[in-house]
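Provided herewith is a single structure, encoded as structure tokens, for subsequent inquiry.
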Amino acid sequence: MIERFTSEMFRDRVGDRFSIRPTQLQDVEFDVELLECTETPYGDAEEWRQELSRVPFSLVFLSREGRLAPQQICRLRHRDIGEFELFLVPIGPHHEHGGMQYEAVIG
């Protein structure tokens, strides 16, 4: 499924809630908000699209509760996208909102 992901799929979902279930933590599930969807500034977008059928991008999620999970593959669920897995890395607390941020890079 991730092979079909593009930044356009997520750009309009900034602000939406996603449910996260870390695969290494049993019985743990929490909600996050999609804060950012950013295409790579490196390279030429058209060349990326020709080579990969998309421009690489990153997603930043925020757990307002401050839930901390180590970097790992997590199962995410969104009401429109459905369920999918991403490798998420905690990148620290948000400077304004508090809570823990997580990043996924889709190449």
Side-chain angles (χ1 to χ4, degrees):
M1 180 176 206
I2 190 171
E3 303 84 34
R4 299 187 322 243
F5 286 176
T6 64
S7 59
E8 291 82 8
M9 285 179 65
F10 290 91
R11 191 174 297 129
D12 292 337
R13 290 178 171 91
V14 169
D16 282 7
R17 290 273 186 209
F18 290 72
S19 174
I20 289 184
R21 194 168 3 122
T23 57
Q24 295 176 6
L25 302 174
Q26 294 182 4
D27 302 324
V28 172
E29 188 168 332
F30 56 96
D31 286 341
V32 293
E33 175 187 345
L34 180 59
L35 285 185
E36 299 175 20
C37 174
T38 309
E39 289 186 345
T40 183
Y42 304 105
D44 178 80
E46 286 310 310
E47 287 179 18
W48 283 118
R49 284 186 184 89
Q50 288 177 3
E51 185 176 331
L52 299 175
S53 299
R54 67 173 169 220
V55 177
F57 63 101
S58 65
L59 302 171
V60 176
F61 298 92
L62 174 66
S63 167
R64 292 191 182 271
E65 301 170 2
R67 296 292 301 255
L68 177 60
Q71 66 181 20
Q72 62 188 288
I73 294 172
C74 295
R75 179 164 282 292
L76 285 82
R77 186 174 58 246
H78 183 269
R79 67 180 180 272
D80 297 328
I81 300 171
E83 286 196 19
F84 56 95
E85 291 184 341
L86 289 177
F87 186 78
L88 294 179
V89 177
I91 57 172
H94 192 276
H95 61 282
E96 290 179 28
H97 303 297
M100 182 56 62
Q101 297 178 101
Y102 294 89
E103 183 176 36
V105 176
I106 294 106

ILVMFWY network linking Phe30 to Leu34, side-chain heavy atoms under 4.5 angstrom
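Same hydrophobic cluster.
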Where do Phe18 and Arg13 come nearest, in terms of heavy atoms and distance?
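Nearest heavy atoms, Phe18 then Arg13: CE1-O, 4.5 Å.
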Any residue meeting side chain to side chain contact (heavy atoms under 4.5 Å, CB included) with Arg64, in chain and number order, not counting sequence neighbours:
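Arg64 satisfies side chain to side chain contact (heavy atoms under 4.5 Å, CB included) with Arg17, Glu33, Leu62, His97 only.
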Which atom pair, heavy atoms only, marks the closest approach of Ile91 to Val60?
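Smallest heavy-atom distance, with atoms named: CD1-CG1, 4.2 Å.
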Would a distance-only check, ignoring hydrogens and angles, find a side-chain to backbone donor-acceptor pair under 3.5 Å from Arg54 to Gly107?
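At least one qualifying donor-acceptor pair exists.
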So do the side chains of Val32 and Arg67 get within less than 4.5 Å of each other, counting heavy atoms only?
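Of all side-chain heavy-atom pairs linking Arg67 with Val32, none is under 4.5 Å.
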Provide the closest heavy-atom pair for Ser7 versus Cys37 in the form atom of the first, atom of the second, distance.
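Scanning both residues completely, I find the closest heavy atoms to be O-SG, 3.5 Å.
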Is the backbone of Ile73 close enough, under 3.5 Å, to the side chain of Thr23 for a donor and an acceptor to pair up by distance?
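At least one qualifying donor-acceptor pair exists.
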Tell me, do Glu103 and Gln71 make a side-chain contact under 4.5 Å, heavy atoms counted?
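The answer is no, as the side chains (C-beta and beyond) never meet within the 4.5 Å cut-off.
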Straight-line distance of Asp31 CG to Glu29 CD, nearest 0.5 Å
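Here the interatomic distance stands at 7.5 Å.
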Nearest non-hydrogen partners of Trp48 and Val55, listed with the distance
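Taking every non-hydrogen atom into account, CB-CA, 3.9 Å.
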Point-to-point distance, once rounded to the nearest 0.5 Å, from CD of Gln101 to OG of Ser63
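Going from CD on Gln101 over to OG on Ser63, the span is 10.5 Å.
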Please find the pair of heavy atoms, one from Val28 and one from Pro22, that lie closest to each other, and give the distance.
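Scanning both residues completely, I find the closest heavy atoms to be O-CD, 3.4 Å.
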With Leu68 via side chain to side chain contact (heavy atoms under 4.5 Å, CB included) - residues at least two apart
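In terms of side chain to side chain contact (heavy atoms under 4.5 Å, CB included), with neighbours along the sequence ignored, Leu68 is linked to Pro90, Met100, Tyr102.
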Just say parallel, tilted or perpendicular for the rings of Phe10 and Phe5, cut-offs at 30° and 60°.
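Perpendicular, since the angle between the ring planes exceeds 60°.
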When clusters are formed by joining ILVMFWY residues with side-chain heavy atoms under 4.5 Å apart, either directly or through shared neighbours, do Val105 and Phe84 land in the same one?
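Looking at the clustering, Phe84 is in a separate group from Val105.
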Single-linkage hydrophobic cluster Ile20~Leu35, side-chain heavy atoms < 4.5 angstrom
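No, no single cluster joins them.
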Between Glu96 and His94, what is the shortest heavy-atom contact and its length?
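Closest heavy-atom pair between Glu96 and His94: N-ND1, 3.0 Å.
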Is the shortest heavy-atom distance from the side chain of Leu76 to the side chain of Leu88 under 4.5 Å?
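With C-beta onward as the side chain, the pair touches.
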For Pro70, does its backbone N or O pair with a side-chain atom of Gln72 as donor and acceptor, under 3.5 Å?
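Yes: the side chain of Gln72 pairs with the backbone of Pro70.
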Rounded to the nearest 0.5 Å, what separates atom CG in Asp12 from atom CG in Asp80?
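So the CG of Asp12 and the CG of Asp80 are separated by 10.5 Å.
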Could you state the interatomic distance from CZ (Arg11) to CG (Leu59), rounded to the nearest 0.5 Å?
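Spacing of CZ (Arg11) from CG (Leu59) equals 11.0 Å.
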